[in-house]
Amino acid sequence: MIRTMKEEMEALEVKAAVRELRSLEGGYVKKIYQPNEGEILFRIYIPEQGTKMLLFKIGKALYLTEVDKDNPMKPGDYVMLMRKYTSNATIQKIEQHEFDRVVTFELQKKRKSRFIFEIFGKGNLILEGEDHILVPYRSESWSHRELKEGREYKFPPSRIQPLELDEDGFKEKLEETDKDLVRTLAVDLNLGGKYAEEICMRAGVDKNLEDLEDTADEIYSIVQKLKEQVQVEDLKPKIVKDQDGDVIDAIPFPLVQYEKNKELGMEQTESYNRALDLAFKAGDEEKKEEKEGDTKLERKLASQKRAMEDLKEEEKANKIKAELIYQNYQECEDLLQKIHEARHEGDREEIYSNIRERDDIVQLNETDEYVILELEGEKDGERYEKSIKLDFRKDVNDNAQHHYDKSKKSKQKMEGAKKAIEETKEEIEAGKKKKKKEERKKKNPTAKYWFDRYKWFISSEGHVVVAGKDTKTNEEVVKKYLEKYDRYAHADAGGAPSVVVRRGEKEEIGDKTLEEACQYAIIHSKEWKRGIAAGRAYWVKPDQVSKTAEAGESLPTGAFVIRGNRNYMDGLDMKAVLCEIEYEGEKKVMCAPSLALEGRDDDLIKKKVVFVPGSKDVNEFAKEMSEYFNVPVDEVQKVLPPGNVDVIEKG
C-alpha cells in the first residue's frame with residue numbers, strides 16, 4: 001500500500017517513536033509555541049545534552065524535529081496558558097497508552113500534571129492536573145467521555161493490544177471474524193492498514209483470504225516477529241523515497257512491501273524520529289505545492305507568491321528583531337560580555353552551562369559562535385516575542401545592524417519577485433485561452449437524488465430500491481427508510497447488504513419487484529467475488545426486522561434480527577445490468593439486477609451493458625463505462641457490485 005506522502009502515524013510507529021522520546025525524561029519544558037494552527041512545538045532542555053525541539057502535528061504525529069519553525073510574533077492565549085502551568089516542569093515519564101495512538105508525558109513542578117497527546121482523528125493535546133483537565137487544545141464531548149476544562153480525563157475506549165495477545169487469544173480473534181485477512185488484521189487486531197498489508201506479504205498469502213484457520217499459526221508468528229523488531233535496542237529506521245527522490249514514508253524497520261517495489265528506494269536514518277521529521281517535512285512541502293493549482297505554471301505561481309510572502313515576512317521580522325535588540329540593549333550587552341569573558345578569561349564550561357540553563361536561552365553554539373535568545377518588546381502598539389540570533393564576534397549595535405541589513409535586502413528582492421509574478425500570470429492567462437480551444441467535452445455528473453447515498457435501482461414496477469454500502473449505511477437504510485408498507489430483502493450469504501424496497505406512492509409492491517430486490521441482494525454480496533452462477537435470498541415485512549438481540553447477546557452496527565418466516569427465492573442469476581435511464585426527466589446511470597430489465601421495452605432506457613462475475617478488473621471496467629455513458633468514473637464505481645466482471649452483452 002503506497003501513499004503519495006506520509007500523513008499520519010500508526011500505533012506500531014507510535015510505539016517505536018516513544019522508545020526514542022524517552023531520552024527526554026529528566027528534561028525541562030522551557031517554552032511552548034504554536035507555529036501554525038495544526039502544530040504545537042516544545043523547547044525542552046536536557047542537562048548535559050542541550051535543547052531539543054518536540055513537534056506535535058495535531059492528530060497526526062509526535063516526534064523530535066530539526067526543522068526550523070517560524071513561531072508567531074505574538075503567542076496565543078492557549079500557548080500562554082500552557083506556559084503558565086508547565087514552564088520549567090520536569091518530564092518524569094513518557095509512555096504510550098496501551099497499543100493506541102495516545103502518548104503521555106508525566107510532569108512535575110509544584111504539583112504533578114500530564115501532557116496527553118491524542119494522535120488520531122482531529123487530534124487533541126490535553127494538559128491534565130492531579131484530578132481534572134486544566135487545558136484542552138479543543139473542547140469535545142462524546143457519550144463516553146468529555147474533554148473540557150475541569151472534567152475528569154478519560155482515555156478513548158480500549159482497543160485490542162495485538163502484540164500482547166497470546167497464541168490462543170490471537171487465533172480466537174482470527175476465527176471469530178467475518179472479514180477478510182487484511183481487514184481483520186488492520187481493524188479487528190488494531191495493526192493498521194500498512195502493517196496488515198506487510199503481514200500478508202511476509203506470509204505470502206492473499207490479503208483477501210476469508211478462511212483464516214490454516215494460516216493462523218504463520219500469521220501469529222509474523223506478528224511476534226514485528227513485536228521483536230519494534231522492541232530491539234537498535235532499530236533500523238528508514239525513509240522511503242519515490243522515483244523522484246521525494247520522501248513518502250518513515251518506517252521503524254525495513255518492510256517487504258517497499259523492498260519488493262522497484263520504483264522505491266530506502267535510506268537508513270540515525271533515528272526513527274529523524275525519519276519522521278524528514279517524511280512529514282516532505283509532506284508539508286508537497287501540500288504547499290498543491291494548494292493553488294495542479295498545472296506546472298500554477299505551481300510556479302504559487303511558489304512565487306509564497307516566496308513573496310516569505311520576503312515580506314522576513315523584511316518585517318528582521319526589522320522587529322533589530323528593534324527588539326535595541327529595546328533590550330543592556331540585556332544583550334551583558335550576555336555577550338559574559339560569553340566574551342568565558343571565551344578569554346573565565347571557566348568556560350561553568351559559565352556556558354549557567355547560560356544554557358537560563359529560561360530565555362534557546363541555543364548556545366560554541367563552534368559557529370552564536371547564541372539564540374528570546375527577547376520581548378513592542379512595535380507600533382503590538383507586543384512581540386522573538387527568538388534572535390546574536391553573533392559572539394559582534395557587539396550589540398553590529399548585531400542589530402545585521403538584521404536591519406537583512407530587512408533591506410528582503411525589500412529589494414520583493415521588486416524582482418513582483419515582476420516575476422506578473423509574468424507568470426500572463427503565461428497562465430495565455431494558457432487558459434489556448435486550453436479553451438482544445439478542451440474536450442467534460443463528463444458532467446448526473447442529477448443527484450436522495451438514494452445516491454446508497455446502492456440503488458428502480459424496479460420494473462417503478463419502486464425505488466436502496467441497499468447499504470457498508471455497516472453504517474446498512475443500519476441507516478433500515479432505520480431511516482423501512483416503513484410499514486415497504487419490504488426488506490437480504491441474501492442468504494455473507495457480506496450482503498440490507499435491501500429496502502420503498503412502496504412510495506405506487507401500488508402495493510408486487511412479486512416481480514420482490515424477486516428483483518432479492519437478486520439485487522445476492523449480486524451485492526460476497527458471493528459475487530466467488531464467481532457463483534446463482535444464489536439464494538429472501539424478503540420479509542418490516543415488523544419482522546428487529547434491532548433487539550436475544551437475551552445476553554448484542555448486535556453490531558448494520559446487523560438485524562429477522563423473526564418469523566422468511567420468503568425465500570432460489571436460483572437467482574448472478575447477473576447485473578448497467579444502463580442509462582431517464583428518471584423524473586433527468587439522466588441517471590443505474591446498476592440493476594438483470595430481472596429488472598428482462599423483457600422490458602422501455603423508451604426511458606437509452607443503452608445498457610449486461611455483465612456477470614468474471615476476470616476483468618472492476619476499476620478498468622468502471623473507466624470504460626465512464627466513457628461509454630459519458631459520466632464521471634466515480635459515479636459508475638459507486639453502483640457496481642464488489643468484484644471483477646465479464647461483459648456478456650452491450651447495446
Side-chain angles (χ1 to χ4, degrees), residues 4-5 7 33-41 53 55 57-58 65-76 79 244-247 277-326 362 370 372 374-375 377-389 391 399-436:
T4 53
M5 288 287 171
E7 296 178 352
Y33 311 90
Q34 189 169 9
N36 57 59
E37 190 177 346
E39 297 178 337
I40 305 292
L41 188 66
M53 305 302 288
L55 181 62
K57 296 181 80 67
I58 299 165
T65 183
E66 296 178 17
V67 177
D68 185 21
K69 294 283 180 179
D70 190 16
N71 296 307
M73 295 181 180
K74 284 180 63 180
V79 168
D244 297 325
D246 294 324
V247 181
D277 196 20
L278 293 168
F280 281 103
K281 177 187 177 186
D284 290 343
E285 290 172 350
E286 185 192 47
K287 285 172 187 173
K288 286 180 182 178
E289 288 291 330
E290 293 177 346
K291 208 166 189 179
E292 295 193 27
D294 56 2
T295 71
K296 187 178 287 187
L297 280 175
E298 285 170 336
R299 290 196 297 271
K300 179 181 177 182
L301 179 61
S303 178
Q304 289 172 334
K305 285 181 175 179
R306 285 198 308 276
M308 173 65 89
E309 290 303 314
D310 289 344
L311 288 169
K312 286 180 181 178
E313 190 61 35
E314 286 173 15
E315 189 262 341
K316 181 180 178 181
N318 277 299
K319 190 178 289 184
I320 290 169
K321 286 179 180 180
E323 296 194 20
L324 289 184
I325 290 173
Y326 277 124
V362 176
Y370 67 82
I372 299 176
E374 288 179 344
L375 295 178
E378 186 175 302
K379 177 174 169 55
D380 300 330
E382 293 278 344
R383 288 211 54 85
Y384 295 104
E385 178 184 303
K386 297 290 288 181
S387 294
I388 297 176
K389 184 176 180 179
D391 190 324
N399 273 291
Q401 188 59 46
H402 171 71
H403 288 291
Y404 276 131
D405 291 342
K406 287 179 73 175
S407 178
K408 290 175 185 175
K409 195 171 183 179
S410 296
K411 193 169 185 178
Q412 291 168 355
K413 287 181 178 179
M414 284 161 59
E415 291 302 317
K418 185 178 179 181
K419 183 179 178 182
I421 287 172
E422 292 305 316
E423 289 174 352
T424 304
K425 283 181 178 179
E426 289 174 6
E427 286 186 73
I428 290 173
E429 283 305 310
K432 284 180 179 178
K433 289 176 182 177
K434 184 178 178 182
K435 188 176 180 181
K436 281 181 181 179

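What you are looking at is a predicted structure, and each value in this text was computed from that prediction instead of being measured.
The NZ atom of K316 lies 13.0 Å from the CG atom of N318; values are rounded to the nearest 0.5 Å. In this structure, the separation between CG on N399 and CD1 on I388 is 10.0 Å, given to the nearest 0.5 Å. Atom-to-atom distance recorded for L297:CG and E429:CD is 11.0 Å, nearest 0.5 angstrom. If you take CD on E7 and NZ on K57, they are separated by 11.0 Å, rounding to the nearest 0.5 Å. In this structure, NZ in K419 is found 13.5 Å from CD1 in I421, a value given to the nearest 0.5 Å. From T424, atom OG1 reaches atom NZ of K305 across 10.0 Å, with rounding to the nearest 0.5 Å.
Contact check on K312 versus E309 returns a salt bridge, with a Lys/Arg side-chain nitrogen under 4.0 Å from an Asp/Glu carboxylate oxygen. Classification of E315 and K319 as a salt-bridged pair holds, one side-chain N sitting under 4.0 Å from a carboxylate O.
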message = Go through it in stages, so that I can follow the logic: the residues are K406 and K409, the test is side chain to side chain contact (heavy atoms under 4.5 Å, CB included), and I'd like the CA-CA distance, side-chain angles, deciding distance and then a yes or no.
response = CA-CA 5 Å; K406 287 179 73 175; K409 195 171 183 179; 5.6 Å; no
task = Kindly indicate, with the supporting measurements, whether the criterion side chain to side chain contact (heavy atoms under 4.5 Å, CB included) is fulfilled by K300 and E427.
result = CA-CA 11 Å; K300 179 181 177 182; E427 286 186 73; 3.9 Å; yes
task = Check the pair L41 / T65 against side chain to side chain contact (heavy atoms under 4.5 Å, CB included), numbers first and verdict last.
result = CA-CA 9 Å; L41 188 66; T65 183; 3.9 Å; yes
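Residue A400 comes nearest to A322 through the heavy atom pair O-CB, 3.4 Å, listed as atom of the first residue, atom of the second, then distance. Residues Y33 and M53 share a closest heavy-atom pair of CE1-CE, 4.3 Å. Residues E378 and L324 come closest through the heavy atom pair N-CD2, 4.2 Å.
No side-chain heavy atom of K408 sits under 4.5 Å from any side-chain heavy atom of K411. At a threshold of 4.5 Å between non-hydrogen side-chain atoms, the residues D391 and H402 do not count as touching. Side-chain atoms of M414 and M308, non-hydrogen and from C-beta on, do get closer than 4.5 Å to each other.
Put simply, the side chain of S407 never gets that close to the backbone of H403: no donor and acceptor are under 3.5 Å apart.
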